Engineer: 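Pasting in a structure now, in structure tokens, and then I'll have a few things to ask.
In this text the structure is predicted, and so the values were computed from the model without any measurement.
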Amino acid sequence: MHKITKIIAATVLTLCSIVMLPMASYAEGEEDQQTPETWLQLSPTAGTVTLRSGEVISEQSDECPDSMEEGCIVKVTNIGSAPFTYRIYASPYAVQNDGGVDFSEESATSYTQISRWLTFRDEGGSYQKELIKSINPGESQTIWYRIDVPEDVPGGAQYAAIWAQTVGSNSNNGGSGVQTISQAGMVIKGRSIGDTRQTAEVFDYNFTRFTFGGSLDAHAKVKNTGNTDFDAYYSYIAKTVFGKELYKDTGAVSSFPESEHDIDIKWESTPFIGIFNVEFTVTAADQTISETHIVAIMPIFVVVLLILLLTVIIVWIIIIIRKRKERKARTLV
């Protein structure tokens, strides 16, 4: 659980909450290193909540993320040089088969419904689907959010993203007419109390067993057929026929409900020629596939030489057999 949360946080840092640095036009001779006017940060980058049927998660609820002691909040900080207006809203967090993430409503699934249960508290104490606020340079603002869990909450996991996005700048960027936008996100992961299934299907499993040269490859697909995320582990180990380890590649990929993920391994710096024992293992939830086979790297010219050598040996054996028959025939006469 902790490992998956760290992976989600890393994904957000990489794909979602990287602040999009303004592309403002600077006057000739002006330093590019100056602080952008429009630049915000959002913290934390990830949080996990427990979803119980019919419960309202807000304030300092025990189900709020442990990453913020204050409770169900996010903090927006203006680290730019000018005041700006921003909006806070939630969107689905849907992981695609290629490992990418889609935040559009069109990508919503039964595992991203939590984005529809999220609302944010305004200055009057009411909760809204979206807030518009202004913030000054160096200022931090606390935004409280609430999750209204339905009575028929499905079992398994739920995924959403909370976004802070600028909607305009109070400056005119020196009259250039260029409006810059900054955006940062936080992933909310919900784990419901109920029927949680971690099941998977491993298919398209194969690895190179013979090649004339070059790399040795291995491939498999993992399909998450359950209702929550898990890590799929893989291991590729090549040894000599005497047991000496030559190459090893191990790791894990995060698998999300209703998605498929590729596992690809490439051993590039292979010996010029050789015969090895290769074991390729994939473990995903309740499924494990592991096979060990003899793998050979044999350049074409070596194969040709072996064929020629084999041909010579066969011809030589045939000649010897014929000579023996002739000798026996003469002896009988």
Side-chain angles (χ1 to χ4, degrees), residues 3 7 95-100 198-226 230-256 258-333:
K3 181 175 180 180
I7 293 174
V95 178
Q96 306 301 297
N97 290 339
D98 60 1
Q198 285 193 343
T199 58
E201 179 185 352
V202 179
F203 59 102
D204 199 16
Y205 170 97
N206 61 82
F207 59 97
T208 305
R209 308 205 185 156
F210 177 82
T211 180
F212 291 116
S215 64
L216 293 177
D217 304 324
H219 172 77
K221 279 182 175 291
V222 174
K223 182 177 182 180
N224 188 331
T225 57
F230 56 79
D231 282 350
Y233 298 92
Y234 62 86
S235 171
Y236 182 94
I237 302 174
K239 297 180 180 180
T240 67
V241 292
F242 302 105
K244 180 182 179 181
E245 187 175 293
L246 299 176
Y247 180 78
K248 184 176 183 179
D249 187 355
T250 60
V253 295
S254 295
S255 181
F256 292 81
E258 296 185 351
S259 65
E260 297 177 4
H261 303 275
D262 290 303
I263 294 176
D264 289 293
I265 297 171
K266 183 180 289 292
W267 179 16
E268 294 183 340
S269 301
T270 56
F272 179 71
I273 184 173
I275 298 177
F276 322 101
N277 277 315
V278 172
E279 180 183 28
F280 180 37
T281 303
V282 177
T283 300
D286 59 338
Q287 296 293 312
T288 297
I289 294 182
S290 181
E291 293 184 7
T292 301
H293 293 283
I294 296 294
V295 174
I297 300 177
M298 201 73 63
I300 292 179
F301 80 90
V302 175
V303 175
V304 172
L305 288 176
L306 288 175
I307 293 174
L308 290 175
L309 179 60
L310 182 60
T311 302
V312 170
I313 292 174
I314 292 174
V315 171
W316 180 69
I317 291 174
I318 292 173
I319 292 173
I320 290 177
I321 292 174
R322 284 182 178 178
K323 286 184 177 181
R324 286 182 178 177
K325 286 183 178 180
E326 291 175 356
R327 288 173 184 171
K328 286 183 179 179
R330 285 196 296 267
T331 302
L332 291 175
V333 172

Engineer: Cut-off 3.5 Å, no hydrogens considered: what does the side-chain donor-acceptor table look like for residues 234-244, sequence neighbours left out?
Structural biologist:
| from | atom 1 | to | atom 2 | distance (Å) |
| --- | --- | --- | --- | --- |
| Thr240 | OG1 | Phe242 | N | 3.3 |
| Thr240 | OG1 | Gly243 | N | 3.4 |
| Thr240 | OG1 | Lys244 | N | 3.1 |

Engineer: Between Leu306 and Leu310, does the side-chain contact (heavy atoms from CB on, under 4.5 Å) criterion hold? Intermediate values first, please.
Structural biologist: CA-CA 6 Å; Leu306 288 175; Leu310 182 60; over 6 Å; no
Engineer: Closest approach of Val282 and Val202, non-hydrogen atoms and distance?
Structural biologist: CG1-CG1, 4.1 Å
Engineer: Nearest 0.5 Å, what's the CZ-NE2 distance between Phe207 and His293?
Structural biologist: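 Between Phe207 CZ and His293 NE2, I get 4.5 Å after rounding to 0.5 Å.
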Engineer: According to ring-ring contact (aromatic ring centres under 6.0 Å, His included), does anything in residues 300-319 pair up with another residue at least two apart or in another chain? List the pairs.
Structural biologist: none
Engineer: For the side chain of Thr211 and the backbone of Gly213, is there at least one donor-acceptor N/O pair under 3.5 Å apart?
Structural biologist: yes
Engineer: Considering non-hydrogen atoms only, spot the tightest contact between Ser255 and Val222 and give its length.
Structural biologist: OG-CG1, 4.3 Å
Engineer: Taking the side chain as every heavy atom from C-beta outward, state whether Thr292 and Val278 have any pair of such atoms under 4.5 Å apart.
Structural biologist: no
Engineer: With heavy-atom distances below 4.5 Å as the criterion, would you say the side chains of Ile307 and Thr311 are in contact?
Structural biologist: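 Yes. Closest side-chain heavy atoms under 4.5 Å.
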Engineer: Nearest 0.5 angstrom please: Phe203 CZ to Gln287 CD, how far?
Structural biologist: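 That separation rounds to 12.0 Å.
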Engineer: Tabulate below the donor-acceptor pairs under 3.5 Å that side-chain atoms of residues 261-272 make, not counting sequence neighbours, or state none.
Structural biologist:
| from | atom 1 | to | atom 2 | distance (Å) |
| --- | --- | --- | --- | --- |
| His261 | NE2 | Phe256 | N | 3.4 |
| His261 | NE2 | Ser259 | OG | 2.8 |
| Asp262 | OD1 | Lys221 | NZ | 2.7 |
| Asp264 | OD1 | His219 | ND1 | 2.6 |
| Lys266 | NZ | Asp217 | OD1 | 3.1 |
| Trp267 | NE1 | Ser269 | O | 3.4 |
| Thr270 | OG1 | Gly214 | O | 2.7 |

Engineer: Above 12 or not: heavy atoms from other molecules or residues under 6.0 Å from CD1 of Ile275?
Structural biologist: no
Engineer: What closest approach, in Å, do Ala200 and Ala284 show between heavy atoms, and which atom pair accounts for it?
Structural biologist: CB-O, 3.5 Å
Engineer: To the nearest 0.5 Å, tell me how far Asp286 CG sits from Gln198 CD.
Structural biologist: 9.0 Å
Engineer: Rounded to the nearest 0.5 Å, what's the gap from OG1 on Thr250 to OH on Tyr233? Could you check?
Structural biologist: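 One finds 11.0 Å between OG1 of Thr250 and OH of Tyr233.
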Engineer: Measure the CD-CG distance between Glu258 and Asn97 for me, rounded to the nearest 0.5 Å.
Structural biologist: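 Separation between the atoms: 10.5 Å.
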Engineer: Rounded to the nearest 0.5 Å, what separation is found between the CG atom of Leu309 and the CD1 atom of Ile314?
Structural biologist: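 CD1 of Ile314 is found 10.0 Å from CG of Leu309.
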Engineer: Is a side-chain donor or acceptor of Thr225 paired with a backbone partner of Thr199 at a separation under 3.5 angstrom?
Structural biologist: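 Yes, because the side chain of Thr225 sits within donor-acceptor range (under 3.5 Å) of the backbone of Thr199.
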Engineer: On the 0 to 90° scale, with breaks at 30° and 60°, tag the Phe280-Tyr205 ring pair as parallel, tilted or perpendicular.
Structural biologist: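 Parallel.
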